[in-house]
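Each remark here refers to the structure printed beneath this line.
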2 protein chains.
Amino acid sequence: MGVNPNIAEVVSLMGESSRAAILTSLMDGRFHTATELANMAGIKPQTASFHLAKLVGGEFVTVEKHGRFRYYQLANQEIASMLESFLSVSQPPEVRSLRQSSQAKALQHARTCYDHLAGTLGVKLTESMVNFGYLEKKEQSFIMTTKGEQFFMDFGLDIRELKKKRRSFSRVCLDWSERHHHLAGALGHGLVERFFELEWIVRKPSTRAVSITEKGQTGFEKHFHVSI
Amino acid sequence: MGVNPNIAEVVSLMGESSRAAILTSLMDGRFHTATELANMAGIKPQTASFHLAKLVGGEFVTVEKHGRFRYYQLANQEIASMLESFLSVSQPPEVRSLRQSSQAKALQHARTCYDHLAGTLGVKLTESMVNFGYLEKKEQSFIMTTKGEQFFMDFGLDIRELKKKRRSFSRVCLDWSERHHHLAGALGHGLVERFFELEWIVRKPSTRAVSITEKGQTGFEKHFHVSI
DNA sequence: TCCATATTTCGATTATAGTTGAACTGTCTA
DNA sequence: TAGACAGTTCAACTATAATCGAAATATGGA
């Protein structure tokens, strides 16, 4: 009847295919221009502009103007988390071309979710860290053990610095379907940064998929007993 | 492009005002018939039937047939949690009548979220239990202390029985805006059941708001130092 | 058996919202 | 200063999907 807050208004912002395409494109956590997003979503720039205005209005997305470009970005980690939740309960779309198929596989394989690792790699690494006793899963979050603290320090993470940050230190990236959990939060972000630094993974252009390098193959095997 | 899973299809199920109204009506965790839901959503029964079919198809809702009635219910706690998340980021609708206004206040005041307490009461109680040292907030969940164990036993909860259940024992009901957290999970459910049993709270007909009784006033004050 | 009630199915209508071409604003660069 | 490019605004069009009356189906009770 309308004594309840209207969920619909907020939700319908992501419940439309073009906007959803834009949002998922932004899931790599990077800035994108309006035209870029239009191309990624397969729509004309006017249409993208129309949708982006709505997304900004709903505080899903922020803009920064630099010269004649406007750089769009997800508003915050919460939005990213929410989107990832839905991605995990969504069905992958039917495959239309070989190229799309291999892209989809790459995404499933290893991808960034806003600022941490998701996909098979993200899940396997998280599992491994739990098995080694570096992390302990406690209901909806991970707790770092003393053993873990030592390990992450040795691995080159400045734990003290990460803990200082206002954001939650280590949390699971939830998905409602409970098909998998993976490490997010400051620790998750710190790790993925370190992987880039070590060149164990590299970004694939214009998607949020990442490639595992030769170095990475041996690195993940040696330090995490994870083989891909 | 469509190499990303289509978030839109799933999400758009809740991103429509009539369906959202139905879903929020189901947030009390109880069964409702199709006609009931139609009335609550302010639509004709045919329309409700149409939407309910979609919701069942999307596994947001389950049906049970008893005679000529069909009882609809939210599919599971995850869906409820997801909905509550969105409610907390949604704006309350403009008030059209005094009656709506007082209903909205009642909802904000004390309500059930699927099977546990939300609203001001839910939040205050949770805070109180943390302050007394019965619960400790650990990232995304609560941990029961020894002191807490004693308290809940004394309060008449069968902790051992609750822990046996397959569902998560104590978790926060997340909202993405982080405006508040409250206790959910088996413990949250156990508590609210006990409150009904003690007649500290009673359901208001046809909403998910609950009223605090005289008994409740003194009870919450005495045992939780929460005054309403 | 007949009627009342709960719900769904069907078909037609309507309204909403996404889409796009065309035109416009603003910025960079040659 | 002109021209190219990024992005937005406007207005018209279109398509999708919600809505509802009418009719059909199913169940319960008298």
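Letters go in sequence order (proteins before strands), and every chain restarts at 1. The model shown is predicted, which means the values in this text are computed figures rather than measured ones.
Listed in residue order, the members of residues 43-61 of chain B having a heavy atom less than 4.0 Å from DNA chain D are B:Lys44, B:Gln46, B:Thr47, B:Phe50, B:His51, B:Lys54.
Considering NE2 of B:His116 and NE2 of B:His182, their distance stands at 3.5 Å, rounded to 0.5 Å. Expressed to the nearest 0.5 Å, how far OG1 of A:Thr120 lies from CD1 of A:Ile212 amounts to 8.5 Å. The CG atom of B:Leu191 sits 5.5 Å away from atom CZ of B:Phe152, with the distance rounded to the nearest 0.5 Å.
Remark: A:Phe60 engages no residue in a ring pair (Phe, Tyr, Trp, His ring centres under 6.0 Å) (not counting sequence neighbours).
Between A:Trp200 and A:Phe195, the ring planes lie parallel to each other; the angle is under 30°, not in the 30° to 60° tilted range.
The residue B:Tyr71 sits apart from the nucleic acid: no heavy atom pair falls under 4.0 Å.
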Does the pair A:Lys54 and A:Phe50 meet the rule for a side chain to side chain contact (heavy atoms under 4.5 Å, CB included), with working shown? CA-CA 7 Å; A:Lys54 287 206 165 188; A:Phe50 166 78; 3.8 Å; yes
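OP1 or OP2 of D:dT19 sits under 4.0 Å from a side-chain N or O of B:Ser18.
Rounded to whole Å, the distance from CD on A:Glu16 to C1' on D:dA17 is 13 Å. The nearest whole Å value for the distance from the CG atom in A:Leu37 to the C1' atom in D:dT8 is 15 Å. Per the geometry, CD belonging to A:Glu36 stands 17 Å off P belonging to D:dC5, to the nearest Å.
Using a cutoff of 4.0 Å between basic side-chain nitrogens and carboxylate oxygens, A:Glu127 and A:Lys124 are not scored as salt-bridged. B:Arg111 and B:Glu84 are joined by a salt bridge, as a carboxylate oxygen and a charged side-chain nitrogen come within less than 4.0 angstrom of each other.
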Nucleotide by nucleotide, 5' to 3', does protein get under 4.0 Å of the base (B), only the sugar-phosphate (S), or neither (-) in nucleotides 24-30 of chain D, counting heavy atoms? ---BS--
